[in-house]
Amino acid sequence: MDIDEDILREIEKEIQEIKSRIGVDRKTLNEVFDRPTLLAFGKLISDRLIDYVDFPISTGKEANVFRAVSPRGKIIAVKVYRVATSNFRRMIYYIEGDPRFSTIEKSKREIVHQWVRKEYKNLEILNNLKIPAPEPIRAWKNILVMSYIGDEISPAPLLKSVRLKNPKPVYDEIMGYIKKMYVEGDLIHSDLSEYNILYFEDTPYLIDLAQGVISEHPMAMEFLRRDIRNIVNYFRKYGIESDAEKIFNEIIKTK
Ligand SMILES: Nc1ncnc2c1ncn2[C@@H]1O[C@H](COP(=O)(O)OP(=O)(O)O)[C@@H](O)[C@H]1O
Ligand SMILES: [Mg+2]
C-alpha cells in the first residue's frame, strides 16, 4: 500500500492539537491513534469522507467516538475501535454463527474490522427500515464513519439523561423499533437500553449496533428478551407498567 507520508504527518499534527485542546488523557489517545489507525484515517481523508476531527464525544470501554467534519462542511460522527482494549472473545461470540461473517483464522485486528463492518451493516438494516439511527457512511478497518445525531452545539443526549415530559409515545416508539427490527429486518439489537438510545428532536435514535445479531444466532431469543426487559424496566420509573414476557411473546408470534 502506498503510504502518503504527508497525510500521515498532517493527521499526527492534528492529533497533537486534539490532545492539547481537550482533556482526553494521553494514554487513551495513544491507544486510539496507533499507526494502523492513523493510516486508516489517512485513507478516509484522501477518499474525502473526513476533512478533520473536531473533538471527542465519548470514550467507551472499546471505542472512542469523535465529532468530525466532512470536506463539504457537514458534521459527522467517527467511531474508532481500539484494537488494544477490544474484547475479542465477546466479539467472536456475537459474530459466530452469523452467515454474513466468518471468524475462521482471523487475527485480533481482523476481528475488530469485522466488528466494525457488522455495526455498519446493522445500521444499514435500520436505515432501510426507516428506524431512526445514524446513517452509516463507511466502515474502514477499525473506523466507522456515520451521520451525527445532534446539533451544532452538542451531540444528542442519551435517553437516560433526558427527563421525558410525555414518556408513553417514546416507549411505544422504541417497542415499535424492536418489533420492526426483528420482524422485518431479522435483527436483534442485543445491547439495547437507555444507554444506547439518543434522544433528538423528540425522537429516539438507536445507536451502538455492533453486537446486533440476526435471528439465527443461538442466543437471539435471549437477547431479544433482554432488550425488551431493559426498556420495560427503564420506563417503569415513568410509571409505565408492562409485562416484558408478554410483549416478547407477541413479537415473536408476529414473525
Ligand atoms: N452518530 C452519533 N452522533 C452523535 N453522538 C454519537 C453517535 N454515535 C455515538 N455517539 C455518542 O458516543 C457514545 C458512545 O457511542 P456508542 O456507539 O454507544 O459506543 P460504546 O461502544 O462506547 O458504547 C454514545 O453514548 C453517544 O453519546
Ligand atoms: Mg454504547
Side-chain angles (χ1 to χ4, degrees), residues 18 22-25 28-29 31-33 37 44 49-50 53-70 74-95 111-127 130-140 142-162 174 177-178 181 187-213 223 226-227 230-231 234:
I18 297 177
I22 341 239
V24 171
D25 70 279
T28 311
L29 275 172
E31 255 171 22
V32 188
F33 294 107
T37 304
L44 293 169
L49 291 166
I50 301 174
V53 176
D54 235 349
F55 55 78
I57 296 176
S58 147
T59 304
K61 260 199 258 136
E62 293 183 316
N64 294 58
V65 178
F66 296 89
R67 180 175 135 150
V69 179
S70 78
K74 199 167 165 244
I75 302 176
I76 49 178
V78 180
K79 184 171 182 179
V80 186
Y81 280 90
R82 298 186 303 275
V83 175
T85 53
S86 286
N87 181 345
F88 309 102
R89 296 214 171 283
R90 185 175 147 267
M91 289 180 174
I92 287 171
Y93 179 68
Y94 283 84
I95 293 171
I111 294 289
V112 176
H113 297 174
Q114 278 204 332
W115 193 246
V116 174
R117 286 204 295 280
K118 189 146 100 77
E119 182 153 18
Y120 181 99
K121 283 183 184 251
N122 290 343
L123 285 173
E124 215 171 32
I125 293 175
L126 294 197
N127 273 263
K130 305 224 174 336
I131 295 172
E135 185 189 321
I137 298 171
R138 179 76 67 89
W140 177 244
N142 55 329
I143 304 175
L144 174 69
V145 185
M146 58 186 149
S147 68
Y148 164 89
I149 315 296
D151 60 27
E152 292 271 323
I153 299 158
S154 55
L158 289 174
L159 182 65
K160 76 155 189 83
S161 324
V162 290
I174 296 169
Y177 298 168
I178 296 177
M181 220 184 340
L187 182 70
I188 294 144
H189 185 293
S190 311
D191 193 20
L192 196 62
S193 76
E194 62 277 20
Y195 291 87
N196 279 328
I197 300 174
L198 298 180
Y199 193 67
F200 183 59
E201 293 176 342
D202 301 325
T203 304
Y205 284 74
L206 305 189
I207 61 162
D208 209 356
L209 263 297
Q211 66 297 309
V213 301
F223 295 154
R226 187 175 64 190
D227 284 354
N230 288 345
I231 300 305
Y234 183 68

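Quick caveat: nothing in here was measured; it's all calculated off a predicted structure. Atoms within a ligand are numbered from 1 in the order they appear, just like the ligands themselves.
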Quiz item: Do side-chain atoms of N122 reach the backbone of L209 as a donor and acceptor pair under 3.5 angstrom?
Solution: yes
Practice problem: To the nearest 10 degrees, calculate the angle at the Mg ion (ligand 2) involving OD1 of N196 and OD2 of D208. | Solution: 90°
Practice problem: Report, in ascending order of atom number, the atoms of ligand 1 lying under 4.0 Å from any heavy atom of S58. | Solution: 12 (O), 13 (C), 14 (C)
Practice problem: Distance to 0.1 Å, residue and atom name: give those for the protein heavy atom nearest to atom 25 (O) of ligand 1. | Solution: L158 CD2, 3.4 Å
Quiz item: Would you call N64 and K79 a side-chain contact if the rule is heavy atoms closer than 4.5 Å?
Solution: no
Quiz prompt | Atoms of ligand 1, numbered as shown, that sit under 4.0 Å from any heavy atom of N196 | solution = 18 (O)
Quiz prompt | Of the listed options L198, L206, L123, L209, closest to atom 5 (N) of ligand 1 (non-hydrogen atoms) | solution = L198
Exercise. Check the angle between the aromatic planes of Y93 and F223 and answer parallel, tilted or perpendicular using the 30° and 60° thresholds.
Key: perpendicular
Exercise. State whether the side chain of D227 and the backbone N or O of S190 hold a donor-acceptor pair below 3.5 Å, judged by distance alone.
Key: yes
Quiz item: Considering only heavy atoms, does A210 approach ligand 1 within less than 4.0 Å through its side chain, its backbone, both, or neither?
Solution: neither
Quiz item: Are the side chains of E152 and I75 in touch, meaning some heavy atoms are under 4.5 Å apart?
Solution: yes
Quiz item: Ignoring hydrogens and geometry, is there a side-chain-to-backbone donor-acceptor pair from Y81 to W115 under 3.5 Å?
Solution: no
Quiz item: Can you tell me which residue and heavy atom of the protein come closest to atom 8 (N) of ligand 1, and the distance to 0.1 Å?
Solution: M146 CE, 3.5 Å
Quiz item: Do ligand 1 and Y195 have nitrogen or oxygen atoms that lie under 3.5 Å from each other?
Solution: no
Quiz prompt | Closest candidate by heavy atom, reference atom 10 (N) of ligand 1, pool D208, I197, L144, V65 | solution = V65
Quiz prompt | Check: V78 and I143 side chains under 4.5 Å, non-hydrogen atoms | solution = yes
Quiz item: Based purely on interatomic distance, does E119 place a nitrogen or oxygen under 3.5 Å from a nitrogen or oxygen of ligand 1?
Solution: no
Self-check item: Whether E62 lies under 4.0 Å from ligand 1, heavy atom
Solution: no
Self-check item: L206 and I197, any side-chain heavy atoms less than 4.5 Å apart
Solution: yes
Quiz item: For ligand 1, which atoms, with element, lie under 4.0 Å from some heavy atom of G60?
Solution: 22 (O)
Practice problem: Say whether I207, considering both its backbone and side-chain N or O atoms, lies within less than 3.5 Å of an N or O atom on ligand 1. | Solution: no
Quiz item: If you count the atoms of ligand 1 from 1 in the order shown, which ones are under 4.0 Å from a heavy atom of I57?
Solution: 11 (C)
Exercise. Check whether any side-chain heavy atom of Y177 lies under 4.5 Å from a side-chain heavy atom of L192, and answer yes or no.
Key: no
Quiz item: With distance as the sole test, does H113 use its side chain to make a donor-acceptor pair with the main-chain N or O of A139 at under 3.5 Å?
Solution: no
Quiz item: When you look for heavy atoms under 4.0 Å from ligand 1, do you find them on the side chain of K79, its backbone, both, or neither?
Solution: side chain
Quiz prompt | Closest approach of any protein heavy atom to atom 2 (C) of ligand 1, naming residue and atom | solution = A77 CB, 3.7 Å
Exercise. Decide whether an N or O pair under 3.5 Å exists between S147 and ligand 1.
Key: yes
Self-check item: side chain to side chain contact (heavy atoms under 4.5 Å, CB included) between V112 and M91, intermediate numbers included
Solution: CA-CA 8 Å; V112 176; M91 289 180 174; 4.1 Å; yes
Practice problem: Tell me which protein heavy atom sits closest to atom 4 (C) of ligand 1, plus the residue, atom name and distance to 0.1 Å. | Solution: I149 O, 3.3 Å
Quiz item: Which ligand 1 atoms are under 4.0 Å away from a heavy-atom of P134?
Solution: 1 (N)
Quiz item: Quick check: does any side chain N or O of R82 sit under 3.5 Å from a backbone N or O of G60, one acting as donor and the other as acceptor?
Solution: yes
